There are 2 protein chains.
Amino acid sequence: MLQLSLNSESPLPLVDQIVGGIRSHIDDRMLRTGMRLPPIRSFADQHAVSRFTVVEAYDRLVALGYVTSRRGSGFYVSSRGQTPNTEIRSGDMVGQLERAFDNAGVMYQSLEDTSDRLKVGVGWLPPSWMDEEGVRRNLRALARRADLHATSYGTALGYRPLREQLRVKLADFGIAAKPDQILLTHGATQALDIIARTLIQPGDCVLVDDPGYWNLFANLRLYGANLVGVPRTANGPDPEALEALLKEHRPKAFFTHSVLHNPTSGNLSPATAFRVLQLAEKHDFLIVEDDAYGDFHPGPATRLAQLDQLNRVVYVGSFAKTLSADVRVGFLACNPDLRARFSDVKIVSCISTSEFAERLVYLMLTEGHYRKLIERVQGRLAEAADKTLHMLERNGLVPHGEPKGGMFVWAEVPGIGDATRLASDASEQGIMMAPGSIFRPQPQPSPCIRFNVAYALDPRLERYLGEALPRIVGAF
Amino acid sequence: MLQLSLNSESPLPLVDQIVGGIRSHIDDRMLRTGMRLPPIRSFADQHAVSRFTVVEAYDRLVALGYVTSRRGSGFYVSSRGQTPNTEIRSGDMVGQLERAFDNAGVMYQSLEDTSDRLKVGVGWLPPSWMDEEGVRRNLRALARRADLHATSYGTALGYRPLREQLRVKLADFGIAAKPDQILLTHGATQALDIIARTLIQPGDCVLVDDPGYWNLFANLRLYGANLVGVPRTANGPDPEALEALLKEHRPKAFFTHSVLHNPTSGNLSPATAFRVLQLAEKHDFLIVEDDAYGDFHPGPATRLAQLDQLNRVVYVGSFAKTLSADVRVGFLACNPDLRARFSDVKIVSCISTSEFAERLVYLMLTEGHYRKLIERVQGRLAEAADKTLHMLERNGLVPHGEPKGGMFVWAEVPGIGDATRLASDASEQGIMMAPGSIFRPQPQPSPCIRFNVAYALDPRLERYLGEALPRIVGAF
């Protein structure tokens, strides 16, 4: 997503402008060690300069030590010899890592950027939608508890009363789990990380949703997984496509969202769930069902874990989206044998999670406001989604499906080919968007954008779309 | 450490007793999937039964599906077909993992066991030594802050004011680090995990202290590291031995403790520090300096990062031992290039750490009590160490060195060969000990035991040693 402002009228030659622009991106760490520069051809096309100009600029950067050239593979930002022996991994993993860190860079900017940019691309609710006062109230309550023990390590599996409470929550979803089948984690992300780390060895094939959750892709890539995308339909993963892929690959696992899928907000249908589980049994792979957004679904929903009862499904949940992302409480639930493996990996990678944080979530779940809180947010989301759909349509975008709850609208920009162009442009105008290409497991374009409806009604977005779309993709 | 109570007088044949004992260990998850059973010969010797009896019992367990036999490698607890496709890794990694999970099992028990066992084997202080009231006070203060933001994700690097504060702390140690060279983590363990994950690929050689921190060994093994132990002298790693090892191995990194080394409480001397850094430069490996216990050192101490100034040293610190293990705040400091890689890995594996927890630590560091708190604990530790040394000597043990601060005494049991025997026996008497063998990077015996001085003065320990040592190793 490197986008330089080149000016062919400037007295500074274009080659110098490119060299200077890329150098300052590297110095500012917008481009980081190991990242690949855009291919010569696409850079030339995108900036409307000749390929010879780009070749000359890249060669100059190599000579300056900012970039190294890898035969047949392209140009990469080098570490400029600053650091001894820090080459992370070599050979065919470089491409994987480059993509992983590209994605990490997007998240890095979302987290670190404290300016007043409009972040319609983020995957969480604005603080003003969260129950900040409830957190404060329960913090104070916790500080008064005589049995606080806030200085010792927590237990290996996590605070038991919260696991008991999660048993009840899962039972509401029709999933039977004993408390010892539940492992508390540092957010759902650590749960996914522990699962990946336990199961995946370099070169293993892992199925993921296409489109799907990109931070997960980055994580799986760090373990050397070979990602294969399963196309997503309005009813969940496409069973026909899945079956065809299984003729070619022998996946270790399938990581998927069932309820309020990220990025489309689609839901799994019972018939599709059954087909996916049949295929998992026939081809003997594990399913990891990430339910980070599931609590926002109004009314009952279909989950794979409900059908399978944690036999070959590992269920992952979180309170990051509903209660607090900052207290970092997530969990996984699975069969006892896997749970024993996962808890071992948790111990050696972080010893224990914070019992204090787990007690805070426990208090918030048991004080009786959780359901009311969720219902209120569901109502606000439904209203915001409805308005966002209309606003996007008014501006010529084509939303996919009509989300039944959740915080995302997935909408296509007609005539654009790859919406990354729009996102790059928007970024320069102070609007952070999530273009569809980052949700694809392989480097492929997408004409779609994921809009967070809790941010999308800010008038800056509509103003921007009205101005930019005709400019970028022409009149509709 | 499998220890069954066999009775040759019982009407139940010995084979049946062994089969039943191991089965119940497996059912209770004391023995877990992938763990190796003791070799036939050592099991026979330890339990004073014939090898034929053990062979017959093991074969029966294989027939029952509890155990699988691997040619040339021994007998392993099987997953009994309960779980589909969950074989973690295959081939030559099994031995590595088995050891890793063995260690995880020890930690699991330390964390989960809430009975009144005397835990002289743990690596942390009793809750009564910690400033629980200070934590409560600052929790309340935090809940009152208008700018709490306890529901949103923290930043990628962690709460900036705490990083500013750590800059000051590191400057006190003579280590210059800008706040952006510091990455906050979920305890020191996550810092070590991020470093390992970024640097290590399967088969890489990694140097560690021998003896050294065993949970780190387990973690490095999970990434497929080939661990090579550097013998520890009273002045730190043995430079001669290190140099000899470097002729044979090309390590990626050396993970070491400089101050109040775990388990010996020894300290690095300036001359040894210089030699180690010279060798690191000559042989181009990175040094990871874990300083989890360093704050307990009274007066100045030598750290590798002080000499090297974070060029090829990555410094890891924590507040788990001094303020709270439960709030899970640790950090790493290193050069900017590595920091960028580590923060990427942090993002993809956990998104962010808890800013709330980081603010709590910030408040505790800045309210001005930290130094006083540490000085008080240092005084208590010095007194407890002195008394523990005398108690152990009185009972015939031989402490190595005279620890200058810290919570550990490392003492040899004369005539025992491997102190694991004593630890197994103690465990049955309600005393949890840390035998030297678990601190060794390779499966080797050790006649030493690590005693936590904050627990060692409980009269149950001396009573036990007085009774058990003559019984187990004979009269001194």
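Every heavy atom of this structure was used, including side-chain atoms; hydrogens, water molecules and symmetry mates were not. Here the structure is a predicted model, which means the values were calculated and not measured. Numbers restart at 1 for each chain; the letters A, B, ... are given by sequence-line order, proteins then strands.
Counting heavy-atom pairs under 4.5 Å between each of Leu157(B), Asp131(B), Val135(B) and chain A puts Leu157(B) at the top. Between chain B and the options His186(A), Arg137(A), Lys346(A), Glu355(A), the largest number of non-hydrogen pairs under 4.5 Å is found for His186(A). For chain B, the option among Ser152(A), Gly154(A), Gly134(A) with the highest count of heavy-atom pairs below 4.5 Å is Ser152(A). Ranked by non-hydrogen atom pairs under 4.5 Å with chain A, the options Thr353(B), Leu142(B), Leu360(B) are led by Thr353(B).
Thr155(B) OG1 to Leu111(A) CG: the interatomic distance, rounded to the nearest 0.5 Å, is 7.5 Å. Rounded to the nearest 0.5 Å, atoms NZ (Lys321(B)) and OG1 (Thr151(A)) are 12.0 Å apart. Atom CG of Leu222(B) and atom CG of Asp344(A) lie 8.5 Å apart (nearest 0.5 Å). Distance check: Leu192(A) CG to Cys350(B) SG gives 12.0 Å after rounding to the nearest 0.5 Å.
Arg144(B) touches chain A through its backbone: at least one of N, CA, C or O sits under 4.5 Å from a heavy atom, while the side chain does not. In this structure, chain B has a heavy atom under 4.5 Å from the backbone of Leu323(A), while its side chain stays farther away. For Asp193(A), the part lying under 4.5 angstrom from a heavy atom of chain B is the side chain only. For chain B, the nearby part of Ser343(A) is the side chain; its heavy atoms alone come within less than 4.5 Å.
Judged purely by atom type and a 3.5 angstrom limit, Arg136(A) uses its side chain to pair as donor or acceptor with the backbone of Arg145(B). A donor-acceptor pair is defined here as one N or O able to donate and one able to accept, closer than 3.5 Å; such a pair exists between the side chain of Arg328(A) and the backbone of Ser352(B). A donor-acceptor pair under 3.5 Å is absent between the side-chain atoms of Asp326(B) and the main chain of Ser354(A), judged by distance alone. Side chain of Gln190(B) to backbone of Ser349(A): no donor-acceptor contact under 3.5 angstrom is found. One N or O on the side chain of Ser324(B) and one on the backbone of Ala150(A) form a donor-acceptor pair closer than 3.5 Å.
Taking the six-membered ring where the residue is Trp, Tyr223(B) and Tyr223(A) present parallel rings, their angle staying beneath 30° rather than reaching 60°.
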Review point. Yes or no on side-chain contact (heavy atoms from CB on, under 4.5 Å) for Leu148(B) and Leu139(A), after CA distance, side-chain angles and deciding distance?
Key: CA-CA 11 Å; Leu148(B) 184 63; Leu139(A) 275 178; 4.0 Å; yes

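The nearest pair of heavy atoms linking Asn215(A) to Ile351(B) is ND2-CG1, 3.9 Å. The nearest pair of heavy atoms linking Glu132(A) to His149(B) is OE2-N, 3.0 Å.
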